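Just so it is clear, the model here is predicted, and its values are computed rather than measured. Any value given below was found using the heavy atoms of this structure, including those in side chains, with hydrogens, waters and symmetry copies removed. To find a chain, count down the sequence lines: A is the first, B the second, and so on, and within it residues start at 1.
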Number of protein chains: 2
Amino acid sequence: MRIGVDIGGTKTDAVAIDADGGILHQVRLGTGYGADAVLNTAVDAVNRVAALAGIPVREADSVGVGVPGRVDTVHGTVTHAVNLGVQGLDLGDLLSSRLGVHVHIENDVNAAALGVYHLLETEGWPDANDHSMAYLNLGTGLAAGIVVAGGLWRGSRGTAGEIGHIPVDPAGPLCPCGQRGCLELMASGSAITRQWPTDHPMPAQHLFEAAEAGDESAILVRSRLLDNVASAVRVLVLTVDVDLVVIGGGISSLGAPLIDGIRSVLAERATESPFLASLELADRVRLVPGGFPSAAIGAAYAGVRAQGSVTVA
Amino acid sequence: MRIGVDIGGTKTDAVAIDADGGILHQVRLGTGYGADAVLNTAVDAVNRVAALAGIPVREADSVGVGVPGRVDTVHGTVTHAVNLGVQGLDLGDLLSSRLGVHVHIENDVNAAALGVYHLLETEGWPDANDHSMAYLNLGTGLAAGIVVAGGLWRGSRGTAGEIGHIPVDPAGPLCPCGQRGCLELMASGSAITRQWPTDHPMPAQHLFEAAEAGDESAILVRSRLLDNVASAVRVLVLTVDVDLVVIGGGISSLGAPLIDGIRSVLAERATESPFLASLELADRVRLVPGGFPSAAIGAAYAGVRAQGSVTVA
């Protein structure tokens with residue numbers, strides 16, 4: 001049995017999975033705010049899911065945690081997890097000592113990428129070493145996790161997949177990162193709340209409903225979102241040439257209106273560019289199935305998957 | 001001894017290299033136009049360089065050829081090599097039968113990426129399996145070759161590194177690919193000749209001289225070039241997070257004015273963005289040393305380098 005935890009801005013999910021990755025037990029707790037709350041909630045979630053399985057935590061084959069912010073996977077530290085109220089935390093060491101077992105810490109988007117890759121494997125996706133996949137997270141921000149040859153490609157400093165801060169419009173608005181016209185400014189949860197302020201608990205849902213009802217401003221914001229998600233897919237394929245781009249994160253719960261909209265943009269662009277048409281982007285994009293706990297499942301595998309290999313020449 | 005050939009639009013270079021990759025002999029011939037000319041020149045170049053080495057071609061440890069256009073490395077075919085006048089050619093089979101030895105065919109940018117990676121290795125670059133590098137080719141077009149864990153990352157359909165067709169300006173000019181505002185339209189040899197028409201045999205050199213002399217239109221075109229090469233570097237780091245981006249291709253013969261200009265843009269952007277500053281892009285970009293036959297040397301290794309591996313988790 002492996003245990004994986006996904007620490008989110010509001011909820012913390014924990015899963016216990018069997019040898020095939022099937023979910024045995026699942027727990028959801030409120031995360032709380034600040035280092036102590038985050039730590040206590042994670043400990044609580046791991047203990048509860050182990051108790052449900054009737055196994056002491058120390059007997060789990062692995063325990064991993066996915067967390068937002070900048071993560072040093074070697075030292076298990078987290079910094080700049082703004083939504084959690086965590087500036088810096090030795091999360092790995094603290095959890096390991098509280099739980100009596102080594103705990104691997106992974107960035108939440110990368111953990112989700114591993115979880116989605118695992119799902120593709122169980123669906124019979126070939127485990128060939130020349131296969132690759134990107135998980136595109138549409139949450140508060142926009143970022144991707146890249147899986148190459150069965151393992152995470154983190155890059156030289158852990159910034160692989162930070163495509164939300166690729167500028168795509170010199171006339172675009174200023175980004176908090178200091179650049180102008182970043183992808184994230186048009187295709188993310190924060191992009192929606194900035195352009196379409198609402199008290200609705202699910203702003204993306206509300207936006208799409210208003211657009212469907214004919215609100216012109218909503219149609220514009222929705223169209224910017226779909227356009228720029230499509231551009232994010234294009235960036236991932238033209239750079240890494242991943243087989244698949246699988247979209248997840250809070251906004252992905254929109255379901256069909258989101259994926260259909262993205263595919264429409266990609267298909268329309270293909271009619272104007274034989275080059276783009278040859279890439280068949282609309283066929284290479286998918287949604288994470290609703291309710292699938294990608295990051296928690298991926299966290300359970302983080303740090304324990306065997307070394308993969310790429311065919312080189 | 002290995003033999004590598006680089007078939008360019010005007011010249012075909014062949015090298016014979018020793019076990020350490022040192023150049024033993026080098027031959028340069030005019031390429032000619034059309035399938036027959038390209039094929040005959042490549043055969044001639046291989047035979048001549050083998051003759052210089054005093055070894056029959058069939059005794060070479062490997063023979064590889066880098067060629068522009070769309071290359072199927074498995075079947076050794078080349079299509080859409082427009083500058084060579086080649087629409088489609090079974091280059092691998094034809095060369096193999098003419099030379100009596102298996103000949104591996106590789107895209108020229110990917111071959112150059114392998115050649116540059118080899119150069120970095122001889123300079124003591126760590127052969128760690130979590131290292132990666134991009135070769136950014138500024139030729140007629142703009143494209144990159146990506147080396148991960150010591151081997152080429154071609155992607156699922158061989159389009160990895162085709163970043164020249166990432167649009168970065170919705171208000172930019174129309175690209176022959178059918179999209180608008182592609183990177184290649186601003187940062188390539190064709191971008192210079194379109195924006196700065198000249199009879200000078202080296203348009204990039206001429207452009208930089210005119211800009212240095214104060215010509216305002218030249219300053220504008222030069223600044224667009226440097227800006228967009230810097231953007232190409234940013235795309236490669238924010239997506240793959242390569243350790244290094246090494247710049248080559250015809251325009252790289254500009255030398256210091258090019259690399260200094262690119263570093264200036266990257267350094268200036270870093271002053272406006274703490275996020276970009278943390279990536280230290282200006283320190284991660286280099287030029288291929290002048291006269292280094294990257295593609296010919298890389299072609300000699302193409303198809304023969306041992307399988308590499310990436311650390312995964």
* **For chain A, the option from B:Thr159, B:Asn110, B:Val147 that forms the most heavy-atom pairs under 4.5 Å** =>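 Top count of heavy-atom pairs under 4.5 Å with chain A: B:Thr159.
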
* **Contact winner vs chain A - B:Ser273, B:Ala171, B:Ala143, B:Gly172, heavy-atom pairs under 4.5 Å** =>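 That would be B:Ser273.
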
Give the minimum heavy-atom separation between [X] and [Y], together with the two atoms involved.
X	Y	answer
A:Ala160	B:Asp241	N-CB, 3.3 Å
A:Cys177	B:Pro274	O-CD, 3.9 Å
A:Ser156	B:Arg284	OG-NH2, 3.0 Å

* Side chain, backbone, both or neither of B:Ser231 within contact of chain A (heavy atoms, under 4.5 Å) ->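 B:Ser231 has no heavy atom closer than 4.5 Å to chain A.
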
* Heavy-atom distance under 4.5 Å to chain A: side chain of B:Arg70, backbone, both or neither? ->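 Contact with chain A is through the side chain of B:Arg70 alone.
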
* Do you know which of A:Glu272, A:Gln179, A:His165 has the most heavy-atom pairs with chain B at a distance under 4.5 angstrom? ->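 Ranked by heavy-atom pairs under 4.5 Å with chain B, first place is A:Gln179.
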
* In terms of heavy-atom pairs under 4.5 Å, which option from A:Leu279, A:Thr73, A:Leu236, A:Ile146 contacts chain B the most? ->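 Highest number of pairs under 4.5 Å: A:Leu279.
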
Do [X] and [Y] come close enough that some side-chain heavy atom pair is under 4.5 Å?
X	Y	result
A:Trp153	B:Ser132	yes
A:Pro167	B:Arg234	yes
B:Thr239	A:Ile166	yes

* To do: Measure distances from A:Val235 to the heavy atoms of chain B and classify the residue's part below 4.5 Å as side chain, backbone, both or neither.
  =>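 Both parts, backbone and side chain.
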
